[in-house]
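Comments concern the structure below.
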Amino acid sequence: MSDLTKQTCEACSKDSPLATEQEKKELGAEVPDWTTVTRNGEEQLERTFKLKNFAEALAFTNKVGELAEEVDHHPMITTEYGKVTVTWWTHKIGGLHRNDFIMAARTDELAGA
Ligand SMILES: C[C@H](O)[C@H](O)[C@H]1CNC2=NC(N)=NC(=O)C2=N1
């Protein structure tokens, strides 16, 4: 598991810098199952997890939600029968911060990936 899972999110403000191209390359390599998507001009990290059924999808959704509350950094989560799509980005800076890569790695850890 990448050492990103052992790192903690830093406090982030509206003046925090977006991840640089170099950072995105290096950190992205540690969460290879995630893709970078751009919505409304904002880069986001996204991965869809396969689950057995809706009950499993809901349970995983709740685990991600608890993690988000713990660190006060929240994803967009789409919960469907047998799959959960998790999308991380930092709203206050309108794009990707190191924190988002940490949270992607910690989401993988929750999924046992
Ligand atoms: C007030 C609260 O701490 C902030 O609004 C936090 C909450 N969770 C957050 N989650 C994400 N993904 N981005 C943010 O900018 C953010 N800000």
Side-chain angles (χ1 to χ4, degrees):
M1 189 57 66
S2 68
D3 70 355
L4 279 180
T5 60
K6 295 172 184 56
Q7 296 181 30
T8 52
C9 290
E10 64 189 61
C12 191
S13 75
K14 65 177 177 46
D15 303 320
S16 297
L18 289 165
T20 63
E21 289 309 310
Q22 182 61 22
E23 279 177 318
K24 287 188 286 189
K25 186 163 176 252
E26 287 169 5
L27 295 170
E30 298 205 46
V31 283
D33 295 320
W34 293 72
T35 55
T36 300
V37 297
T38 299
R39 292 194 178 96
N40 306 318
E42 300 187 349
E43 282 192 316
Q44 306 169 345
L45 284 178
E46 187 157 284
R47 180 180 179 184
T48 296
F49 296 84
K50 298 279 186 279
L51 284 302
K52 277 190 284 193
N53 50 43
F54 191 78
E56 297 274 334
L58 201 49
F60 179 60
T61 298
N62 287 323
K63 281 202 285 188
V64 177
E66 284 160 16
L67 172 63
E69 283 293 278
E70 190 184 299
V71 301
D72 189 32
H73 195 66
H74 303 84
M76 176 170 73
I77 307 175
T78 304
T79 304
E80 302 170 82
Y81 183 95
K83 64 180 181 175
V84 175
T85 300
V86 182
T87 309
W88 289 102
W89 79 102
T90 301
H91 309 159
K92 59 171 68 78
I93 63 173
L96 289 175
H97 184 276
R98 180 184 187 82
N99 290 345
D100 298 304
F101 292 89
I102 291 170
M103 294 314 291
R106 291 189 67 183
T107 305
D108 283 345
E109 197 177 39
L110 279 183

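For ligands, and for the atoms within them, numbers begin at 1 and follow the listed sequence. Note: hydrogens, waters and symmetry copies are ignored here, and every other heavy atom, side chains too, is used.
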Tell me if a side-chain donor or acceptor on Ser13 pairs with a main-chain N or O of Asp15 at a distance below 3.5 Å.
yes

- Classify the angle between the aromatic ring planes of His73 and Trp88 as parallel (below 30°), tilted (30 to 60°) or perpendicular (above 60°). parallel

key: Joint cluster assignment, Val31 & Leu67, ILVMFWY side-chain distance < 4.5 Å   = yes

The closest protein heavy-atom partner of atom 3 (O) of ligand 1 is Asp72 OD2, 2.4 Å

- Query: Is His91 in polar range of ligand 1, meaning some N or O pair under 3.5 Å apart?
  - Reply: yes

Q) Hey, does Lys92 come in under 3.5 Å of ligand 1, counting only N/O atoms on both sides? A) yes

- Task: Take atom 1 (C) of ligand 1 and look for protein heavy atoms under 4.0 Å from it; say yes if you find one, no if not.
- Result: no

For Trp89, the atoms of ligand 1 under 4.0 Å from one of its heavy atoms are 11 (C), 12 (N), 13 (N)

Query - Salt-bridge criterion met for Lys83 and Glu56 (N-O under 4.0 Å) - result: no

Exercise. Would you call Lys63 and Glu66 a salt bridge, using N to O less than 4.0 angstrom?
Worked result: no

Using heavy atoms and a 4.0 Å limit, tell me yes or no: is Trp88 in contact with ligand 1?
no

Taking the basic N atoms (NZ, or NE/NH1/NH2) and the acidic carboxylate oxygens, is any pair closer than 4.0 Å for Arg106 and Glu70?
yes

the protein heavy atom lying closest to atom 10 (N) of ligand 1 turns out to be His74 N, 2.9 Å

